[in-house]
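Below is one structure; the comments refer to it alone.
All values derive from a computational prediction rather than experimental measurement.
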Amino acid sequence: PGGRLVIITMALDADGGFGYRPLLEATYAALTDMVADGFVRDDEVLRMAIPTVARSRADFTAPFAAEGRFSGLAIETLEIFHGEDRLWAEFERSRDARAFGACWASFMRAAVVPTLAAELDGGHDDPRAAAFIARMESSVARRMEALPERMVIPLAKMTLLKEG
């Protein structure tokens, strides 16, 4: 009792936006290019998904709505804000569009692209998997370099209080 749990997670902004629009657009464009090139098929791309969920303020508070608490926890604070785009800050300092694109592409390669590659017909063992990952990173990097843009990163910080 009296303990606190602090959660920082993805959120939807006040307009219902998920954020990361330039990065997601670059990723989708890379996939459509690979379909056009015949490297991957439409049905493979249709299986690909990024398994993330962002929530609105109402989503965060819903379990607590009836009594103001849930399983002995109460919301002490809930803040939805835009996280800092450190890659954009570095770009503004250096004006190095190539590094900006490469950093965002590297993030995608680590965070998302293996999940997409798992939906190739042979999964991670598909003979195209390594080339798919490399092509995704290269394509996203080129697109992000060509049109550097600040990333909107909606986040939520929630402090839950353990009641006695």
Side-chain angles (χ1 to χ4, degrees), residues 5-63 70-71 78-91 94 96-158 160:
L5 173 65
V6 178
I7 301 165
I8 298 179
T9 188
M10 298 171 65
L12 297 174
D13 64 21
D15 299 324
F18 177 82
Y20 299 93
R21 184 191 45 76
L23 187 58
L24 295 173
E25 288 175 352
T27 301
Y28 183 72
L31 288 170
T32 58
D33 283 353
M34 282 193 254
V35 169
D37 292 347
F39 186 72
V40 297
R41 292 186 325 278
D42 281 325
D43 64 299
E44 290 173 310
V45 172
L46 288 173
R47 291 191 304 260
M48 295 178 184
I50 301 171
T52 56
V53 176
R55 292 171 177 84
S56 68
R57 177 176 295 279
D59 294 331
F60 286 114
T61 60
F70 179 77
S71 291
L78 173 58
E79 176 189 3
I80 296 182
F81 62 98
H82 286 165
E84 178 186 3
D85 179 352
R86 293 179 183 178
L87 300 179
W88 180 256
E90 175 57 26
F91 170 73
S94 71
D96 187 344
R98 175 169 276 181
F100 177 80
C103 286
W104 274 114
S106 179
F107 167 78
M108 281 299 287
R109 180 182 178 131
V112 173
V113 177
T115 301
L116 301 178
E119 298 307 323
L120 296 171
D121 281 343
H124 291 291
D125 294 327
D126 191 290
R128 299 168 294 158
F132 173 83
I133 291 170
R135 286 179 71 165
M136 284 296 297
E137 183 176 21
S138 174
S139 181
V140 168
R142 281 193 315 276
R143 284 176 164 78
M144 297 299 292
E145 174 185 345
L147 190 61
E149 186 176 341
R150 179 189 307 263
M151 206 68 60
V152 174
I153 307 171
L155 296 171
K157 179 182 175 188
M158 189 172 179
L160 301 177

Quiz item: Minimum heavy-atom separation for Phe39 to Ala131, with atom names?
Solution: CZ-CB, 3.7 Å
Quiz prompt | Validation row: His82, Asp13 side chains within 4.5 angstrom (heavy atoms) | solution = yes
Quiz prompt | Spacing of Asp43 atom CG and Met48 atom CE [to the nearest 0.5 Å] | solution = 9.5 Å
Self-check item: Donor-acceptor contact below 3.5 Å, side chain Asp59 vs main chain Ser56
Solution: yes
Quiz item: Is it true that a side-chain atom of Ser94 and a backbone atom of Glu90 form a donor plus acceptor pair closer than 3.5 Å?
Solution: yes
Quiz item: So, for Ala30 and Val140, which heavy atoms are closest and what is the spacing to 0.1 Å?
Solution: CB-CG2, 4.4 Å
Quiz item: Judged by atom type as modelled, is there a donor-acceptor pair below 3.5 Å linking the side chain of Ser106 to the main-chain atoms of Ala102?
Solution: no
Exercise. Could you check if a side-chain atom of Met136 sits within less than 4.5 angstrom of a side-chain atom of Leu31, using non-hydrogen atoms only?
Key: yes
Quiz item: What pair of heavy atoms forms the shortest contact from Ala97 to Pro148, and how long is it?
Solution: CB-CG, 3.9 Å
Practice problem: Calculate, to the nearest 0.5 Å, the distance between atoms CZ and CG belonging to Arg41 and Leu120 respectively. | Solution: 9.0 Å
Quiz item: Does Asp15 use its side chain to pair, donor to acceptor, with the backbone of Gly17 at less than 3.5 Å?
Solution: no
Quiz item: OG1/Thr115 to CE/Met108 distance, rounded to the nearest 0.5 angstrom?
Solution: 9.5 Å
Quiz item: With a 4.5 Å limit on heavy-atom distance, are the side chains of Phe91 and Arg150 in contact?
Solution: no
Self-check item: Smallest separation among heavy atoms of Met144 and Ala26, with atom names
Solution: SD-CB, 4.1 Å
Practice problem: On the 0 to 90° scale, with breaks at 30° and 60°, tag the Trp104-Phe100 ring pair as parallel, tilted or perpendicular. | Solution: perpendicular
Self-check item: Distance in Å, Leu24 CG paired with Phe18 CZ, rounded so as to fall on 0.5 Å steps
Solution: 6.0 Å
Practice problem: Mark yes or no for whether Arg55, through its side chain, and Phe60, through its backbone, hold a donor-acceptor pair below 3.5 Å. | Solution: no
Exercise. For residues Glu119 and Glu44, determine if any side-chain heavy atom of one lies less than 4.5 Å from a side-chain heavy atom of the other.
Key: no
Practice problem: May I ask you to decide if Arg135's main-chain N or O and Ser139's side chain share a donor-acceptor pair within less than 3.5 Å? | Solution: no
Practice problem: Kindly say whether Met151 contributes a backbone atom to a donor-acceptor pair with the side chain of Asp85 at under 3.5 angstrom? | Solution: yes
Exercise. In sequence, state the C-alpha distance, the side-chain angles, and the governing distance for Glu25 and Arg143, and then conclude on salt bridge (charged side-chain N to carboxylate O under 4.0 Å, His left out).
Key: CA-CA 9 Å; Glu25 288 175 352; Arg143 284 176 164 78; over 6 Å; no
Quiz item: Are Arg47 and Asp121 side-chain neighbours, meaning at least one heavy-atom pair lies under 4.5 Å?
Solution: yes
Quiz item: Does OH belonging to Tyr28 count more than 12 external heavy atoms closer than 6.0 Å?
Solution: no
Quiz prompt | Non-hydrogen side-chain atoms of Val152 and Tyr20 separated by less than 4.5 Å | solution = no
Exercise. Give the intermediate values and the outcome of side-chain contact (heavy atoms from CB on, under 4.5 Å) for residues Phe132 and Leu116.
Key: CA-CA 9 Å; Phe132 173 83; Leu116 301 178; 4.0 Å; yes
Quiz item: Can you name the closest pair of heavy atoms from Arg57 and Ile80 and give their distance?
Solution: N-CD1, 3.5 Å
Quiz prompt | Flag side-chain contact, heavy atom, 4.5 Å: Leu23 against Phe107 | solution = yes
Exercise. Over all heavy atoms of both residues, which pair between Gly83 and Leu155 is shortest? Give the atoms and the distance, please.
Key: CA-CD1, 3.8 Å
